[in-house]
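Notes follow once the structure below has been shown.
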Amino acid sequence: MKLTYLGHSCLQIDLSTSSGGIRLVIDPGVFSPELPEEADVVLLTHAHADHVAPASVAALMAGGARLITDASALAVLEAADVLEDDAEIAVATPGAAWAIDDIEVEAIGGLHAVIHADLKRETNIGFLIRSQGVTLFHPGDSYEYAPPGVDVLAVPVSSPWAAAKDAVDFVRAVRPAQAVPIHDNLLVPGARAMFLGLIGSLGGAPLHDIANDGPLEV
């Protein structure tokens, strides 16, 4: 499993399979302008623009990618009228699972983190991805769900709905073997380093900064 940072909450995941390999792209949003030309599967956690940019999703699907998406993100794509009639689309609900060659994808959660008490909670699907004995968890915008058996955790670093202490407690709850930072585009470099320092020192898991130190291979 190779994880490449594509900006903010977007990850490219390259996986070896018995038939060759599979490339997943999770949450290509407006802060992730540089995407691969091709992918096999696009996964969308929820409807916010920093996680789903219709033009980006359409470009990947035009290259042959199938789509696994939270219903609210699908509504964004439908409103933008970017989906082809023959597009291969699966709507992710909590507990749903897919087998793609040797890869397992499972939908986790259901709800976005609370942004404010005056705002209705939106839907949000996290994705567990299992390949060759390694499990990755990308939670989207939520610290609420902490599935067991996670080897690599994509941990949101900064957002309008959380504080650094919440990220630390999330890593502690999941107890991964390793973590990688995501959801960080709102931070200037100095502040980002401060957040990563807190999460890395207090979370209890090694933190690999894929944005600056390059892809993680596990």
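The first residue in the sequence is number 1, and the count goes up from there.
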Backbone of [Y] reached by a side-chain donor or acceptor of [X] within 3.5 Å:
X: His8; Y: Asn185; value: yes
X: Asp209; Y: Ala211; value: yes
X: Arg175; Y: Gly204; value: no
X: Ser159; Y: Ala162; value: yes
X: Tyr143; Y: Val168; value: no
X: Ser201; Y: Gly197; value: yes
X: Asp102; Y: Ser18; value: yes
X: Asp169; Y: Asp166; value: no

What do the steps show when you test Ile115 against His48 for side chain to side chain contact (heavy atoms under 4.5 Å, CB included), and what is the final call?
-> CA-CA 12 Å; Ile115 299 175; His48 290 163; 4.0 Å; yes

So, Asp40 and Arg23, do they make that salt bridge, N to O below 4.0 Å?
-> no

Consider only side-chain heavy atoms of I, L, V, M, F, W and Y, link residues closer than 4.5 Å, and tell whether [X] and [Y] are in one cluster.
X: Val52; Y: Leu6; result: yes
X: Ile100; Y: Leu136; result: yes
X: Met1; Y: Leu216; result: yes
X: Val174; Y: Trp161; result: yes

Exercise: do Ser142 and Asn124 side chains pair donor with acceptor under 3.5 Å =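 No - no donor-acceptor pair under 3.5 Å links their side chains.
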
Side-chain H-bond candidate by donor/acceptor type, Asp141 with His183, under 3.5 Å | yes

Looking at every heavy atom in both [X] and [Y], which two are closest together, and how far apart are they?
X: Ala164; Y: Leu198; answer: CB-CD1, 4.1 Å
X: Pro156; Y: Phe170; answer: CD-CE2, 4.3 Å
X: Ala92; Y: Ala107; answer: CB-CB, 4.1 Å

Distance from [X] atom [atom1] to [Y] atom [atom2], nearest 0.5 Å?
X: Lys2; Y: Leu11; atom1: NZ; atom2: CG; result: 13.5 Å
X: Phe127; Y: Ile68; atom1: CZ; atom2: CD1; result: 6.5 Å
X: Asp101; Y: Ile22; atom1: CG; atom2: CD1; result: 4.0 Å

Answer yes or no: is there a side-chain heavy-atom contact under 4.5 Å between [X] and [Y]?
X: Leu128; Y: Glu104; value: no
X: Leu77; Y: Pro54; value: yes
X: Gln178; Y: His208; value: yes
X: Trp98; Y: Leu43; value: no
X: Leu207; Y: Pro181; value: yes
X: Asp50; Y: Ser9; value: no
X: Phe137; Y: Pro176; value: no
X: Leu44; Y: Asp27; value: yes

Verdict with supporting geometry, Leu74 and Leu83, side chain to side chain contact (heavy atoms under 4.5 Å, CB included) | CA-CA 9 Å; Leu74 179 58; Leu83 298 173; 3.7 Å; yes

Yes or no on side chain to side chain contact (heavy atoms under 4.5 Å, CB included) for His112 and Arg121, after CA distance, side-chain angles and deciding distance?
-> CA-CA 6 Å; His112 193 284; Arg121 289 186 74 179; 5.7 Å; no

For the residue pair His46 and His51, does the interplanar ring angle fall in the parallel (under 30°), tilted (30 to 60°) or perpendicular (over 60°) class?
->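 Judged by the thresholds at 30° and 60°, the geometry between His46 and His51 is tilted.
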
Tell me, with the steps shown, if Ile129 and Leu15 meet side chain to side chain contact (heavy atoms under 4.5 Å, CB included).
-> CA-CA 10 Å; Ile129 298 164; Leu15 305 161; 4.2 Å; yes

